Amino acid sequence: MIVIRYPLVPRRTPWRTLTLEQASEVAGLHPVVVERFVEFGLLEPAERAGAEMRFDASCMKRLLAISRLRADLGVNLQGVGVILDLVDRLESLERELEWRRGRG
């Protein structure tokens with residue numbers, strides 16, 4: 001019996017962006033709360049056209065992290081900003097370390 005195997009080829013599909021209302025619903029938050037996160041600098045929308053904001057997958061990951069820090073741990077917005085900054089720095093250092101390991 002002949003078995004033909006085809007290699008898996010990843011195909012990039014563009015991420016669908018979500019409106020403010022859709023992103024709020026996914027995170028279980030009121031849209032005004034998400035707007036406040038944007039105003040405070042904790043979240044950067046992927047697109048901004050006038051008053052309308054759209055969020056991509058990376059924004060959603062961050063929005064869910066903000067929501068968890070506030071709801072589960074009771075961290076205030078200033079604390080959330082510090083924690084997210086430290087997490088971003090840690091991820092950057094991990095990427096650099098992996099890159100250096102790959103070169104050596």
Side-chain angles (χ1 to χ4, degrees):
M1 180 171 158
I2 298 174
V3 177
I4 300 174
R5 296 183 188 234
Y6 297 98
L8 292 176
V9 179
R11 191 176 110 196
R12 286 191 173 246
T13 56
W15 284 98
R16 183 176 67 105
T17 58
L18 302 174
T19 64
L20 173 64
E21 290 75 20
Q22 291 168 330
S24 301
E25 186 177 327
V26 168
L29 300 169
H30 193 277
V32 173
V33 174
V34 177
E35 285 178 335
R36 186 160 182 234
F37 294 163
V38 171
E39 290 171 5
F40 203 76
L42 298 175
L43 190 64
E44 185 68 33
E47 301 172 21
R48 193 176 225 168
E52 184 178 331
M53 292 183 271
R54 298 191 70 82
F55 300 90
D56 63 12
S58 64
C59 291
M60 290 307 302
K61 178 182 172 188
R62 191 169 179 97
L63 178 58
L64 293 171
I66 294 167
S67 177
R68 286 193 61 207
L69 287 169
R70 293 200 25 95
D72 297 347
L73 300 176
V75 180
N76 63 18
L77 291 179
Q78 292 87 357
V80 169
V82 170
I83 291 168
L84 293 178
D85 184 47
L86 291 172
V87 168
D88 290 343
R89 288 181 188 188
L90 180 61
E91 289 174 350
S92 175
L93 289 171
E94 287 174 340
R95 281 191 304 273
E96 182 179 341
L97 181 61
E98 286 300 317
W99 180 78
R100 288 180 185 268
R101 285 183 180 161
R103 289 184 53 201

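Excluded from the calculations below are hydrogen atoms, water molecules and symmetry mates; all remaining heavy atoms, backbone and side chain alike, are included. Keep in mind the model is a prediction, meaning the values are calculated, not measured.
The same ILVMFWY cluster, assembled from side-chain heavy atoms under 4.5 Å apart, contains both L43 and L73. The hydrophobic clustering, which links ILVMFWY residues whose side-chain heavy atoms are closer than 4.5 Å, places V34 and V75 together.
Interatomic distance, CG of L93 versus CD of E98, reported as 12.0 Å (0.5 Å rounding). Distance check: L20 CG to H30 NE2 gives 9.5 Å after rounding to the nearest 0.5 Å. To the nearest 0.5 Å, the span separating CG on L29 from CD1 on I66 amounts to 9.0 Å. The distance from the CG atom of D88 to the CD1 atom of I83 is 12.0 Å, given to the nearest 0.5 Å. Here M60 contributes atom CE and L18 contributes atom CG; the two are 5.5 Å apart, rounded to the nearest 0.5 Å.
Between Q78 and F40 there is a side-chain heavy-atom pair separated by less than 4.5 Å. Side-chain contact between M53 and E35 is present, with heavy atoms from C-beta onward closer than 4.5 Å. Side chains of T19 and R54 form a contact here, defined as non-hydrogen atoms less than 4.5 Å apart. Side-chain contact between R36 and L42 is absent, with no heavy atoms from C-beta onward closer than 4.5 Å.
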Candidate pair D85 and R89, rule side-chain contact (heavy atoms from CB on, under 4.5 Å), full reasoning: CA-CA 6 Å; D85 184 47; R89 288 181 188 188; 3.3 Å; yes

Criterion side-chain contact (heavy atoms from CB on, under 4.5 Å) on V33 and R70, from CA distance to verdict: CA-CA 11 Å; V33 174; R70 293 200 25 95; 5.7 Å; no

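Between S67 and A27 the shortest heavy-atom distance is OG-O, 4.0 Å. L63 and A23 get closest at one heavy-atom pair: CD2-O, 3.8 Å. Contact between A46 and C59 at its shortest, heavy atoms only, is N-SG, 3.9 Å.
The side-chain contact (heavy atoms from CB on, under 4.5 Å) test with V82 is passed by exactly one of V80, L84, L86: L86.
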